[in-house]
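Step one of this worksheet: look at the structure below.
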Number of protein chains: 2
Amino acid sequence: MDYTISSVDRALRMLQALSELPGSGVTELAERTGCTKSQTFRILYTLEAQGYVTKDADRSYRLGFQTMLLGDQARRQSPLIAAAEPHINDIYERIRQNVLLIVRHGMRTACVLLRASPDRDQIYAEFGRTGPLHAGGGPKVMLANAPCEIQEAVLTGELTRYTRKTICDPDTLRALLEKIRTDGWHLSEADLDDDKRSVAAPVRDASGEVVAAISVTAPEDYLQGARLDETRDLVLQTVERLSVALGYRGTPVVHA
Amino acid sequence: MDYTISSVDRALRMLQALSELPGSGVTELAERTGCTKSQTFRILYTLEAQGYVTKDADRSYRLGFQTMLLGDQARRQSPLIAAAEPHINDIYERIRQNVLLIVRHGMRTACVLLRASPDRDQIYAEFGRTGPLHAGGGPKVMLANAPCEIQEAVLTGELTRYTRKTICDPDTLRALLEKIRTDGWHLSEADLDDDKRSVAAPVRDASGEVVAAISVTAPEDYLQGARLDETRDLVLQTVERLSVALGYRGTPVVHA
DNA sequence: CCTCCGTTTTTCATTGTGCGAAACAGTGTT
DNA sequence: AACACTGTTTCGCACAATGAAAAACGGAGG
């Protein structure tokens, strides 16, 4: 049964639209969301009254401070993030490369925790940004362990090319996902960011389900030979410990 | 005229309630928000469908990743934060003490940007947390420059005591606010955190309205003598530069 | 300064959506 | 096994939300 309250649903989509098109006005947002102008106006009015959106002098709208504060609360409330933070810091202190905690959010990945390398190497992932499921170390680990419907949807959908090495062939990708599930870790090579490699492994919770991935993303010449092995071992030890901290008892759930 | 959509309004209050009472269930949230159980259930259902809230195995609700991601977008969209970040970093690099950017949000303050001192001294403010308007350096600067109705509401409302030195007398506070407006800066002494002082000054935007405060919060023995003067000058220079960057043309708006 | 055009705000009658109340189905507690 | 408690489901009614269209506003250009 569907208990969705349509006006609330629209309001949430409005926030989403606003996060993608900041600085737009009533008409533009109405078109974007498919709401009528009256609906749009009233939704924005309601959101503004509580500070979730802000109206500029030129009547363009942006997300407001309330949205930001709520987001910060959400971050604090996440048991996953709280549990992962020290582990992510540990890895970072040892190798001083980009360390990411990634979750799947619908058909995208989101980086929910990031310790960035000080050289500020440009990497695709950014704090709180979403990315694809089919490219990158963490993303492919999440995809390999996602419910079958999600995997199928991605494999049959468009596989956007990010670099020369992005895997855009469904069959190759399908085989790789199988390998990732078997190996329990994955090394991705410049398929999302040029000249970058990622070592990633899955984090499981008490139910055995994969809830996140930890990934170390570094220049290609760093993740090689002995350092690659060390990094892989470090990541594997860490996901193991973190999973246990989340209540995992060694009974993985495997999809597809 | 009031164009509020009541169901959307309730949904937003639900998110707010959830940020205050994470891990509660339908009944508890219904009581907290004053919504009926059906309303509460349906609102949570709608919020969950889009990932704004998450239902745990024990049917308790928490804010979800979508809320977090939206909050991160909101932070990126804020021209104030974007403009302030380098300035806050500058101050931090020079003095290595807590540097805060504070805004007023209704009857509270919120810390929207924070460079914390590495000694991890416990201070009241935390990233994305709200605080009172009548105690603390940044907060009092915001209160002094808030619309009269807000000032009156705070002065006639309860002035919570945080430390021995918190100013709880309305008349003393009123006089101090007047002084803060005249001086254009403020030194608060252990009225929110024991053994801590704050030097704070207001940031204005193109309209001349005070939109934020920059505050340096440090141990009492740091903010003394010559160092106090230096810090005050540094903060004053910085708010001046930031205000100009925001379009301020030297025409302050003064309330009360 | 005035005019025009696009956008936002307001109004109002109609209708379909969201609502309350109460029954039902789980969960775990005594 | 019975209970107490929370969460889920149903249903008809009322009024909140809606669409359409008019009014007000504001900025651009002459």
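Here is the naming used below: chain letters follow the sequence lines, and residue numbers restart at 1 for every chain. Here the structure is a predicted model, which means the values were calculated and not measured.
For the residue pair Gln73(A) and Arg76(A), a side-chain donor N or O sits within less than 3.5 Å of a side-chain acceptor on the partner. Between the side chains of His255(B) and Glu209(B), a donor-acceptor pair is found at a separation under 3.5 Å.
Computed from coordinates, the Asp58(B) CG to dG7(D) P distance equals 10 Å when rounded to whole Å. Following rounding to the nearest Å, Arg10(A) (CZ) and dG16(C) (C1') show an atom-to-atom distance of 11 Å. In this structure, CD of Glu31(B) is placed 10 Å from P of dG7(D), rounded to the nearest angstrom. In this structure, the CG atom of Asp56(A) is 18 Å from the P atom of dT7(C), given to the nearest Å. To the nearest angstrom, P of dC5(D) lies 15 Å from CD of Glu28(B). In this structure, CZ of Phe41(A) is placed 11 Å from C1' of dT7(C), rounded to the nearest angstrom. Taking atom OH on Tyr45(B) and atom P on dT8(D), their separation rounds to 10 Å, with Å as the unit. A straight line from CG of Leu44(B) to P of dT9(D) spans 14 Å, rounded to a whole angstrom.
Between Lys55(A) and Ile43(B), the one whose closest nucleotide on DNA chain C sits nearer the 5' end is Lys55(A). Residue order along DNA chain C, read from the 5' end via each residue's closest nucleotide, puts Lys37(A) first among Lys37(A) and Ser38(B). Along DNA chain D, the nucleotide nearest Tyr3(A) and the nucleotide nearest Arg59(A) are compared for position; the residue whose nucleotide lies closer to the 5' end is Tyr3(A).
Of all heavy-atom pairs between Leu12(B) and Gln50(A), the closest is CB-NE2, 3.7 Å.
Gln39(A) has no side-chain polar atom (N or O) that falls below the 4.0 Å cut-off from OP1 or OP2 of dA17(D). Residue Ser7(B) places at least one side-chain N or O under 4.0 Å from the OP1 or OP2 atom of dA17(D).
Under the 3.5 Å distance criterion, the side-chain polar atoms of Ser19(B) are matched with a main-chain donor or acceptor of Gln16(B).
Here the nucleotide nearest the side chain of Tyr61(A), chosen from dT18(D), dT9(C), dA17(D), is dT9(C).
Looking at heavy-atom distances under 4.0 Å, Thr27(A) makes contact with sugar-phosphate atoms alone, never a base.
Of the charged side-chain nitrogens involved, at least one lies within less than 4.0 Å of a carboxylate oxygen, so that Glu152(A) and Arg174(A) count as a salt-bridged pair.
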